[in-house]
Amino acid sequence: MSGFPTFDLSDKKQTSAASKLHPLQRVAIWSALAIGSLLLWFAGLNLRPLGEPDEGRYAEVAREMFAGGDWLTPRLNGFTFFDKPALQYWASAFFYSVFGVHEWTARIWVALTGLLAIAAVGWAGGRLYGRTTGWLAALVLGSSLLFVAGAHIGTMDMGVAAFLSIGICFFLVAQFDPSAASNRTGFNLLGWASLGLAVLSKGLIGVVLPAATLAVFMLWERDWRILSRMTLGWGLLLVLLIAAPWFVAVSLKHPDFLAYFFIKQQFSRFVANVFDRERPWWFFVPVVLGGLFPWVAFLPFSRAGLRSLHSGTRTDRFLVCWIAVVFAFFSASHSKLPFYILPIFPALAMLIARHMSMLSAVDIRRRLLWIGALSAMVAVVALVVPLSTRHLSEHTDLHPALIWLMRGLLALAIVSAISAFLVTRQNRPTLMMGLLGFATLLIWQTLFASVGNIAGNLSAAPVATLMLPQLHDDTEVFTVHAYVRGLPFYLNRLVTVVDEDADDIRPGIPARPNGFITGVGAFEQRWRSAPSALAVIDPALMPQLRRDGLPMQIIGRSSIGMIVQRPASVDIAAP
């Protein structure tokens, strides 16, 4: 029972009132919330088609690794694909082998790593600040909008964010929890192992960001002795033992890997706009504030709150350094996407939970009412703006999701208001935070499930649905100016790509030259000679293909292109 939080966030009056709750009742309530949240965390992984390009791309690389048996070389549609390390591909391929190739098995790794990060933050917060703060930290992280989204959309960003966070949590406990002194070496090595997995998840940021944070922290503290308590030598060796073998092996087999991965993918994307992801320097400010919703209300915005971070514990200051370094690093980069900033969310969750634990019931009520008011305001905007904006009103698939978002936020506003009332009425702020966190997670998960139509427009799934009834063993499938990364995943076969200049396939074409065609004329010749053929084609090309007399029959349309097949009566020997 001692592992469950008590309601001790304010004064003795609250503690006295909280003591009226029987320990068994406390265990029952928190057990129900924990089990319900755990089940809810994994709900909906199979309710949306894989989005393009990222989800389809990474799911397909893992499928080819599983189907082909080559666990060393990542391949996308048969082309070598060296953009990212192999850890997530290995994990997804493992789940394919156990549970089959499905949309949910393509996403289970990001959901699991996100859950591990939540557990690590709760554990570290409990060791460093007390069990109530630990529970609150896990609650905040597990229901923040961007973190929940990152743990349910199959990109590479959650894996590296999770292992970075787990490594930092072990490091914090090893250095700043006095009761951990006897286990410091073990915790240090677990932290170093996590950083090795972070490198194997996405590359050098797995060690660059922690090293930069440590350097800034030591300068702030003017204390270099912390290096002597980090098991530095053995730790670096452990990182190399975990991460280096794959990099060495793939470099020996593919000599062009090192230059492509480290120069173009790791260095060039940071210093130059090579992937058309240039954003203003302040891009991550609204991303973080919106991504923390609804817990953004508990950030220490006031001058006193900010001063408390500076004068707080060494753990507080290290977390501030971590947030500052990660935010500055990605803000300085020329390549910016929302999920890149995920590594700061565990640190923010711990600081927010720390701040919550020092607030009175009156302060907590005030912030809950602020959450309710903001939720109601955003709900109104979600309803009114699209209906009054011509561009958005034309996207009819967007309307159901926006209507649901309005309803969900209105429900969140109601829950926040009820929680605010019960905080002062029952003097149980921790319990109210737990109920609000569960309601928020439910709202986010339902929202993700409700955007199936929108996701379908950004997925290969509708194209595959039209193609599968016409597909035979000898059918060659083409994408003509309409390349979709997830189509091989859904068709369970490779496709032939026509006239694409995508940067994620161009470097790997030599590995499968027969799978790439340059020029519409060459495509038409291949189309005529194939035993059976299907294609998804850019509608802009259809008039030219008709003028050329290409034998084809339209079998469907999608947002990606026209789906056509070659009539069975065509003589394949015809020129």
Side-chain angles (χ1 to χ4, degrees), residues 117 120-121 124-125 127-129 137 141 157 160-177 184 187-188 191-192 194-196 198-199 201-233 235-236 239 266-267 270-271 281-285 287-289 292 299-301 303 305-336 340-355:
V121 164
R127 295 285 298 247
L128 296 163
Y129 296 122
L141 185 61
D157 301 297
V160 68
F163 287 117
L164 279 170
S165 302
I166 293 167
I168 294 299
C169 285
F170 278 121
F171 169 79
L172 289 173
V173 171
Q175 307 308 316
F176 304 135
D177 178 10
R184 178 174 292 152
F187 286 146
N188 280 335
W192 286 109
S194 297
L195 298 188
V199 172
S201 294
K202 208 175 178 183
L204 292 177
I205 62 171
V207 290
V208 169
L209 293 179
T213 302
L214 182 62
V216 171
F217 176 75
M218 290 189 297
L219 286 171
W220 187 358
E221 295 285 298
R222 298 176 183 175
D223 179 11
W224 301 92
R225 292 172 300 175
I226 196 170
L227 292 173
S228 64
R229 302 194 299 270
M230 291 178 55
T231 322
L232 191 60
L236 291 173
V239 170
Q266 300 283 291
F267 181 73
F270 183 85
V271 300
W281 64 267
W282 47 263
F283 173 76
F284 287 115
V285 174
V287 170
V288 171
L289 295 178
L292 274 173
L299 281 173
F301 287 115
R303 184 178 300 176
L306 295 176
R307 277 202 305 266
S308 70
L309 294 177
H310 183 273
S311 60
T313 66
R314 300 188 81 195
T315 302
D316 294 343
R317 294 193 289 276
F318 189 92
L319 292 174
V320 169
C321 291
W322 175 249
I323 292 168
V325 166
V326 173
F327 189 87
F329 178 88
F330 287 112
S331 294
S333 172
H334 285 262
S335 181
K336 296 182 180 74
Y340 287 0
I341 203 66
L342 280 174
I344 74 169
F345 275 72
L348 283 169
M350 277 203 274
L351 286 180
I352 288 173
R354 168 76 160 158
H355 185 58

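For the single chain, residues carry numbers from 1 onward in sequence order.
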Where is the tightest heavy-atom contact between [X] and [Y], given as atom of each residue plus distance?
| X | Y | answer |
| --- | --- | --- |
| Gly206 | Leu164 | O-CD2, 3.5 Å |
| Leu342 | Ala161 | CB-CB, 3.8 Å |
| Val325 | Ala212 | CG1-CB, 3.8 Å |
| Val160 | Ala198 | CG2-O, 3.7 Å |
| Ile166 | Ser194 | CG2-OG, 3.3 Å |
| Val216 | Cys321 | CG1-SG, 3.9 Å |

Return the [atom1] to [atom2] distance between [X] and [Y], rounded to the nearest 0.5 Å.
| X | Y | atom1 | atom2 | result |
| --- | --- | --- | --- | --- |
| Asp316 | Leu351 | CG | CG | 6.0 Å |
| Leu227 | Asp223 | CG | CG | 9.0 Å |
| Phe345 | Leu141 | CZ | CG | 9.0 Å |
| Leu195 | Ile168 | CG | CD1 | 6.5 Å |
| Leu319 | Arg354 | CG | CZ | 10.0 Å |
| Asp157 | Lys202 | CG | NZ | 3.5 Å |

Restricting to side-chain hydrogen bond (donor to acceptor under 3.5 Å, both in side chains), what partner residues turn up for Ser331, sequence neighbours left out?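 If we apply the side-chain hydrogen bond (donor to acceptor under 3.5 Å, both in side chains) test to Ser331, skipping adjacent residues, there are no hits.
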
Heavy-atom side-chain proximity of Thr315 to Met350 below 4.5 angstrom: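 Result no, sub-4.5 Å side-chain heavy-atom pair not found.
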
Could you tell me whether the side chain of Trp192 and the main chain of Met230 form a donor-acceptor pair under 3.5 Å?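 Yes: the side chain of Trp192 pairs with the backbone of Met230.
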
For a side-chain contact (heavy atoms from CB on, under 4.5 Å) check, start with the C-alpha distance between Val320 and Trp220, then their side-chain angles and the critical distance, and finish with the verdict. CA-CA 11 Å; Val320 169; Trp220 187 358; 4.1 Å; yes

Run the side-chain contact (heavy atoms from CB on, under 4.5 Å) test against Ile226 and tell me which residues pass, sequence neighbours left out.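 If we apply the side-chain contact (heavy atoms from CB on, under 4.5 Å) test to Ile226, skipping adjacent residues, the hits are Phe171, Gln175, Phe176, Leu214, Phe217, Met218, Arg229.
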
Partner set under side-chain contact (heavy atoms from CB on, under 4.5 Å) for Val326, not counting sequence neighbours: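 Residues passing side-chain contact (heavy atoms from CB on, under 4.5 Å) with Val326: Leu209, Trp322, Phe330, Ile341, Pro343, Ile344.
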
Please assess Arg127 against Cys169 for the test side-chain contact (heavy atoms from CB on, under 4.5 Å), listing each intermediate value before the final yes or no. CA-CA 10 Å; Arg127 295 285 298 247; Cys169 285; over 6 Å; no

Set out, in order, the CA-CA distance, both residues' side-chain angles and the distance that settles side-chain contact (heavy atoms from CB on, under 4.5 Å) for Tyr129 and Thr313, then state yes or no. CA-CA 10 Å; Tyr129 296 122; Thr313 66; 4.0 Å; yes

Enclosure of Trp224 CH2 (heavy-atom neighbours >12, cutoff 6.0 Å):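 Atom CH2 in Trp224 is packed in, count exceeds 12.
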
